[in-house]
Amino acid sequence: MFPFDYFKTRPLPASFQFKLDDGTQLFARHLRPDDASRLHAGFGQLSQLARRRKFAEPVDKLSDDVVRRLTEADGTHVVAWGAADLARPDEPGLGVARFIRLEHEPDAADVAIVILDEYMNKGAGVMLHACLHISAHHNGLRHLYYDVASENERFIRHLKGLGAEFVGKATGVTRLKCPVYARAWDVPHTQPNGRRFAQTLRRLMAVEFSDLDMEQMDEHIVVP
């Protein structure tokens with residue numbers, strides 16, 4: 001590792017491979033229209049707890065509007081990343097992260113991230129979250145907003161460790177605002193999660209385009 005790696009920033013390739021902390025090899029890419037069926041399949045694998053924390057109310061299936069917004073992301077106002085486990089080609093995927101630019105605040109966007117339970121705490125969520133920050137930076141965004149189930153105290157603490165500030169609270173939902181980070185140097189390093197996020201940003205600066213997507217990964221992606 002070189003010190004200047006903490007200052008580097010460049011757009012991510014459209015698809016790439018990334019190794020998690022436990023050695024799991026992931027494939028990540030932007031979502032596409034043909035991912036709709038995988039999104040529905042992945043949603044079916046989410047636990048009730050994950051669904052409640054994501055939607056703050058009982059949800060049995062994804063709406064067509066949600067799926068269309070994810071799979072028809074324009075890469076500027078809506079950006080959506082998905083990831084899959086290369087060792088498990090029969091699975092629809094392990095997670096999705098997206099942002100939607102706010103019309104009334106064009107230099108900010110709303111964020112949503114969902115990871116399958118079995119991939120929690122392995123770095124998959126951190127990687128997808130970091131992808132959003134890099135994409136946001138290169139789309140001219142300065143802040144990201146998060147609506148988090150108030151019971152999800154762990155993720156709220158995580159965001160605050162990254163410098164997020166409390167914005168408001170509605171029924172069962174806490175809203176936070178975080179600066180956009182594209183360089184590891186800019187991330188607060190006082191908390192372990194901040195240092196981990198910074199390291200992930202640094203590693204993402206080294207990933208290269210992988211064309212595994214077109215033929216070999218056609219059945220790998222993704223969950224909402």
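Quick note: residue numbers are just sequence positions, from 1. Only this structure's heavy atoms are used, side chains among them; waters, hydrogens and symmetry mates stay out.
Residues Ser150 and Thr174 bring a donor and an acceptor atom of their side chains to less than 3.5 Å of each other. A donor-acceptor contact closer than 3.5 angstrom is absent between the side chains of Glu208 and Gln17. Checked by atom type, the side-chain pair Arg154/Asn121 shows a donor-acceptor distance below 3.5 Å. For His129 and Tyr146, the side-chain atoms include at least one donor-acceptor pair closer than 3.5 Å. Arg202 and Gln199 are linked by a side-chain donor-acceptor pair at a separation below 3.5 angstrom, with hydrogens and angles left out of the test.
Salt-bridge formation is not detected for the pair Arg142/Glu105: no Lys NZ or Arg NE/NH1/NH2 atom is positioned less than 4.0 Å from an Asp or Glu carboxylate oxygen. Taking the charged nitrogens against the carboxylate oxygens, Arg175 and Asp110 do have a contact shorter than 4.0 Å, which makes a salt bridge.
Transitive grouping of hydrophobic side chains (ILVMFWY, heavy atoms separated by less than 4.5 Å) brings Leu162 and Met120 into a common cluster. Hydrophobic clustering (side-chain heavy atoms under 4.5 Å, transitive across Ile, Leu, Val, Met, Phe, Trp, Tyr) groups Met205 together with Leu132. The hydrophobic cluster containing Val207 also contains Met127, counting ILVMFWY residues as joined when their side-chain heavy atoms lie under 4.5 angstrom apart, directly or transitively.
The two residues Val67 and Ala36 make their nearest non-hydrogen contact at CG1-CB, 3.6 Å. A pairwise comparison of heavy atoms in Gln45 and Pro92 identifies NE2-CD, 3.2 Å as the closest pair.
With Phe18 as the aromatic partner, Arg203 meets the cation-pi criteria of under 6.0 angstrom to the ring centre and within 45 degrees of the ring axis.
Remark: aromatic rings of His158 and Phe197 are distant, center separation not under 6.0 Å. Between His40 and Phe43, the distance from one ring center to the other does not fall under 6.0 angstrom. With ring centers used as reference points, Phe16 lies under 6.0 Å from Trp81.
In this structure, Thr24 contributes its side chain and Leu20 its backbone to no donor-acceptor pair below 3.5 Å.
Residue pairs satisfying the salt bridge (charged side-chain N to carboxylate O under 4.0 Å, His left out) criterion with at least one member in residues 122-132, sequence neighbours excluded, are listed as follows: Asp22-Lys122.
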Before you tell me yes or no, could you show the steps for Asp147 and Lys169 under salt bridge (charged side-chain N to carboxylate O under 4.0 Å, His left out), namely the whole-Å CA-CA distance, both residues' side-chain angles and the distance that decides it to 0.1 Å?
CA-CA 9 Å; Asp147 289 328; Lys169 190 172 184 179; over 6 Å; no

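Put simply, the side chain of Val78 reaches to within 4.5 Å of the side chain of Arg69, judged on heavy atoms.
To the nearest 0.5 Å, atoms OG1 (Thr71) and CG (Leu31) are separated by 7.5 Å.
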